[in-house]
Amino acid sequence: MNIRQEEKGTVLWFTGLSGAGKTTTARYVANELLQRGVRAELLDGDELRETICKGLGFSREERFENIKRIAYVSKLLARNGVHVLVSAITPYAEMRDYARQEIPGFVEVYVQCPLEECERRDVKGLYAKARRGEVKHFTGISDPYDIPSDPDITICTSSHSLQHNSDQILSWLNRRAPLKNADP
């Protein structure tokens with residue numbers, strides 16, 4: 001079955017440091033879309049690491065395999081008319097470039113937040129463990145994060161509200177292709 005381009009979903013790929021607010025924002029936007037009757041699915045990086053990406057570590061190669069799997073699932077959903085919201089750190093520019101090349105309708109959403117604020121928000125204590133050397137390959141501490149050079153959307157969670165950031169994303173989506181309600 002062929003799906004016309006206007007029926008395909010967009011893949012909003014939320015990238016940023018741990019604790020930046022990727023999942024919180026993606027979940028809020030997904031709920032807004034669902035309330036409008038738009039087909040949407042949230043793919044949370046932490047949940048995916050417990051399921052389809054279980055067993056992968058945090059080496060550069062394993063992180064890339066993680067992203068390849070998420071990109072594949074995202075592409076399947078989007079080609080079937082679902083707007084996909086991916087919340088995954090995706091620390092390396094080459095990973096985001098790969099996802100952009102693989103996924104029609106890919107939209108990079110950079111969730112900007114200063115490292116100090118991410119550490120302050122860290123309820124799991126992962127940043128503290130990383131600083132003590134107890135967690136290896138921790139993005140932003142012992143592993144790099146390539147700041148996106150030209151994201152489609154940039155939001156700042158330390159200086160703007162969840163509502164403001166979500167409205168910015170929904171407005172961007174609506175300008176790109178007006179969001180239509182799903183058939184009842």
Side-chain angles (χ1 to χ4, degrees), residues 3 5-34 36 38-53 56 58 60-113 118 139-140 143-158 160 162 164-177 179:
I3 296 179
Q5 182 62 40
E6 65 269 9
E7 293 174 346
K8 292 183 180 177
T10 298
V11 176
L12 294 166
W13 198 286
F14 292 75
T15 178
L17 293 172
S18 178
K22 297 176 301 298
T23 302
T24 300
T25 307
R27 183 172 287 117
Y28 192 91
V29 171
N31 286 333
E32 287 291 314
L33 291 171
L34 291 168
R36 296 175 186 197
V38 176
R39 297 172 69 195
E41 188 67 45
L42 171 64
L43 298 179
D44 176 50
D46 290 339
E47 291 177 8
L48 293 169
R49 278 196 169 272
E50 294 299 316
T51 55
I52 66 169
C53 300
L56 291 176
F58 292 91
R60 189 175 191 94
E61 295 77 21
E62 289 169 305
R63 285 175 185 250
F64 208 110
E65 179 60 30
N66 183 52
I67 296 309
K68 285 179 180 179
R69 293 178 189 185
I70 296 169
Y72 178 76
V73 172
S74 299
K75 188 163 86 172
L76 288 177
L77 288 166
R79 80 174 186 206
N80 285 287
V82 178
H83 289 286
V84 183
L85 297 93
V86 174
S87 170
I89 294 171
T90 323
Y92 309 120
E94 69 184 285
M95 293 175 172
R96 297 187 299 268
D97 291 343
Y98 171 85
R100 185 180 299 276
Q101 290 172 346
E102 287 295 308
I103 304 168
F106 176 91
V107 178
E108 183 177 45
V109 181
Y110 174 39
V111 182
Q112 183 180 43
C113 187
C118 291
T139 302
D143 213 50
Y145 177 78
D146 299 337
I147 295 172
S149 60
D150 191 24
D152 299 294
I153 303 170
T154 300
I155 60 171
C156 183
T157 60
S158 63
H160 293 103
L162 178 59
H164 176 273
N165 289 328
S166 298
D167 287 348
Q168 180 181 343
I169 293 164
L170 290 166
S171 176
W172 188 95
L173 274 176
N174 222 14
R175 283 191 310 273
R176 181 176 180 182
L179 297 169

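Just so you know, these numbers come straight off a predicted model, no measurement behind them. Throughout, residue positions are numbered sequentially from 1 according to the sequence presented. Quick note: numbers below take in every heavy atom, side chains included, and nothing from hydrogens, waters or symmetry partners.
Rounding to the nearest 0.5 Å places CG of L33 at 11.0 Å from CG of L42. Separating the CD1 atom in I89 from the CE atom in M95 is a distance of 10.0 Å, to the nearest 0.5 Å. Rounding to the nearest 0.5 Å places CD of Q168 at 10.0 Å from SG of C156. Between Q101 atom CD and E94 atom CD the span is 11.0 Å, to the nearest 0.5 Å. Taken from CG in L170 to CD1 in I153, the straight-line distance is 9.0 Å, to the nearest 0.5 Å. One finds the CG atom of L43 at 8.5 Å from the CG atom of L85 (value rounded to the nearest 0.5 Å).
Residues T10 and R176 come closest through the heavy atom pair CG2-NH1, 3.8 Å. Contact detail for S18 and C118: the closest heavy-atom pair is O-CB, 3.3 Å.
Side-chain contact between I70 and W13 is present, with at least one heavy-atom pair separated by less than 4.5 Å. Proximity of V84 to L12: side-chain heavy atoms (C-beta onward) are nowhere separated by under 4.5 Å. The side-chain heavy atoms of V11 and V107, taken from C-beta on, include no pair separated by under 4.5 Å. Between E108 and F14 the shortest side-chain heavy-atom distance does not fall below 4.5 Å. The side-chain heavy atoms of T24 and L162, taken from C-beta on, include a pair separated by under 4.5 Å. Between R69 and Y72 there is no side-chain heavy-atom pair separated by less than 4.5 Å. When side chains are defined from C-beta on, P104 does not count as touching K8, because their heavy atoms never get closer than 4.5 Å.
Checking T90 against T15 by side-chain atom types alone, no donor-acceptor pair falls below 3.5 Å. A donor and an acceptor atom, one from each side chain of T25 and N165, are nowhere located under 3.5 Å apart.
In this structure, R79 contributes its side chain and S74 its backbone to no donor-acceptor pair below 3.5 Å. Not a single donor-acceptor pair under 3.5 Å links the side chain of H83 to the backbone N or O of R39. Not a single donor-acceptor pair under 3.5 Å links the side chain of K75 to the backbone N or O of I103. Using a distance-only test at 3.5 Å, with no hydrogens or angles considered, no donor-acceptor pair links the side chain of S87 to the main chain of D44. Side-chain atoms of T157 do not come within 3.5 Å of backbone N or O of G21 as any donor-acceptor pair.
In this structure, R96 does not pair ionically with D150, as no charged nitrogen and carboxylate oxygen lie closer than 4.0 Å.
Heavy atoms of other residues, nucleotides or ligands lying less than 6.0 angstrom from CG of L76 number more than 12.
For the side-chain hydrogen bond (donor to acceptor under 3.5 Å, both in side chains) with Y92, the lone residue among D143, D146, D97 that qualifies is D143.
Between Y110 and Y145, the ring planes lie parallel to each other; the angle is under 30°, not in the 30° to 60° tilted range.
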